[in-house]
Amino acid sequence: MTRKTGRHFFANPGPTNIPDSVLRAMDRSSLDFLDPEFIEVFDAAVAGLKRVLGTSGEVFLYTASGHGAWEATLVNLLSPGDTVLILESGWFSEGWAAMAEKFGLRVQTVAADWRRGVDPEAVTAALRADAGHAVKAVLAVHNETATGLAMPLPEIRAAIDKAAHPALLLVDTISSLGSLEFHMADWGIDAVVGGSQKGLMLPAGVSFTAASPKAMQAHAAARLPRHYFDWTTMLGRPSRSFVGTIPTAMFYGLRESLRLIEAEGLAQVVARHHRLAEATRRAVRVWSGNDGPQLYCLDPARMSDSITAVLMPEGFNADTVRRTALDRFNVSTGGGLGRLGGTLFRIGHMGDLNEPMMLGTLGAVEMSLRINGVPHGKGGVDAAMDWLAAA
Ligand SMILES: *Cc1c(COP(=O)(O)O)cnc(C)c1O
């Protein structure tokens, strides 16, 4: 293989690019996690995280990727035999549901077409049908990273309230926090699952759950077995988080990534994600000419501003195009997950990105379509430039 030159363009929808200043901040040797120097860094990082989440409640942190936070959230809030209502969105909603089932929870699904997502009316109907309140929690993935669909959480909250149902609302924000608009308390969310390696621009390794006062009440009664992830144990620790050693370097990085987000301004971060996402969508809409690749998400109001999934025309493999982009142009994109494998590729536009990085990725993808003889409309990158120059 020939040596790859220049920058590796990383357009996966997680993990994401790590800003240089975050890398520099993390370049630390070990120190005692009870050292006052570290406690100051830790407290600043957690305070910043709470501002980004929009909560003043508890945040429990774990040395684990997002899957650990999924598990921690279930075992700390539920009891054997409880029912959870999962809102189907795609690969990640299926994954969280499968985990719940393994823990002995009953899983009920609000089914949905993956290209459109759930109808809030169906959520209300499912909860109205549950007169005995067997459903203890509604599980929603804010941003379905496998398909590029963002769920309108205020509509989901309203749908639960319309049924006057007491279930907790648990939300996975792993690929939306720090990229899409989100307000935990204002949107009435009881538990929020997040991870370090997507919008928060860190390596994988720390994930967390933010818990509302209502969630803390549920925790007091929850009986699923837990040990490493037990919030009660964590509350007795000076950090009010972690069972075991704290990964200190991650907090130097988190403090810096949150500083970057807040220096740009949360609203500006959200606006930038929208601008770059829209550039991507405009490129794909041009490519979709000549029966070319098209946007996987079909609902314009739900198209994700952190990842775009691009569905290949029949008979063309997405991974061949991804391989060309990587081998020829040093551009990495995400593949289709699970049953979507080979049928689509995913362009991540989440985290530390700017316009030329986006255009570089779109240019590499457009060239890769051409090289592989995939039918498409020409000029996707031009459409993206038109939008970015005017936006
Ligand atoms: C990435 C992701 C996960 C899984 O997180 P890991 O850190 O890979 O364990 C879960 N949910 C969503 C929505 C994700 O994007």
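FYI, the numbering just counts along the sequence from 1. In each ligand, atom 1 is the first atom listed, and ligand 1 is the first ligand listed.
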**Distance under 6.0 Å and angle within 45° of ring axis: R339 vs W114** = yes
**Prompt:** Applying a strict 4.0 Å limit to heavy atoms, is W70 in contact with ligand 1?
**Reply:** yes
**Asked** Nearest protein heavy-atom contact for atom 3 (C) of ligand 1: which residue, which atom, what distance?
**Response** F92 CE2, 3.4 Å
**Pair H349, D305: side-chain N/O donor-acceptor within cut-off below 3.5 Å** = no
**Complete:** Nearest non-hydrogen protein atom to atom 15 (O) of ligand 1, with distance, is T145 OG1, 2.4 Å
**Asked** Are any of the N or O atoms of V141 closer than 3.5 Å to those of ligand 1?
**Response** no
**Item:** Protein heavy-atom partner closest to atom 6 (P) of ligand 1 - residue, atom, separation in Å
**Value:** G66 N, 3.3 Å
**Asked** Nearest protein heavy-atom contact for atom 11 (N) of ligand 1: which residue, which atom, what distance?
**Response** D172 OD2, 2.6 Å
**Request:** May I have the step-by-step check of ring pair (Phe, Tyr, Trp, His ring centres under 6.0 Å) for F242 and F251, ending in yes or no?
**Result:** CA-CA 13 Å; F242 294 103; F251 285 86; 5.8 Å; yes
**Item:** ligand 1 atoms in contact with N143 (distance to a heavy atom under 4.0 Å)
**Value:** 13 (C)
**Asked** Within the distance-only criterion (no hydrogens, no angle test), does the side chain of K136 pair as donor or acceptor with the backbone N or O of L77 below 3.5 angstrom?
**Response** no
**Prompt:** Is there a nitrogen or oxygen of K198 sitting under 3.5 Å from a nitrogen or oxygen of ligand 1?
**Reply:** yes
**4.5 Å side-chain heavy-atom contact, D352 and T16** = no
**Complete:** Looking at Q197, E144, H67, H142, the heavy atom closest to atom 7 (O) of ligand 1 belongs to Q197
**Request:** Test M151 against E144 for side chain to side chain contact (heavy atoms under 4.5 Å, CB included), laying out the working first.
**Result:** CA-CA 8 Å; M151 189 101 76; E144 177 52 74; over 6 Å; no
**Message:** Within the 4.0 Å heavy-atom shell around S65, which atoms of ligand 1 are there?
**Reply:** 6 (P), 7 (O), 9 (O)
**Asked** Within a strict 4.5 Å, meaning less than it, do heavy atoms of the R7 and M357 side chains meet?
**Response** no
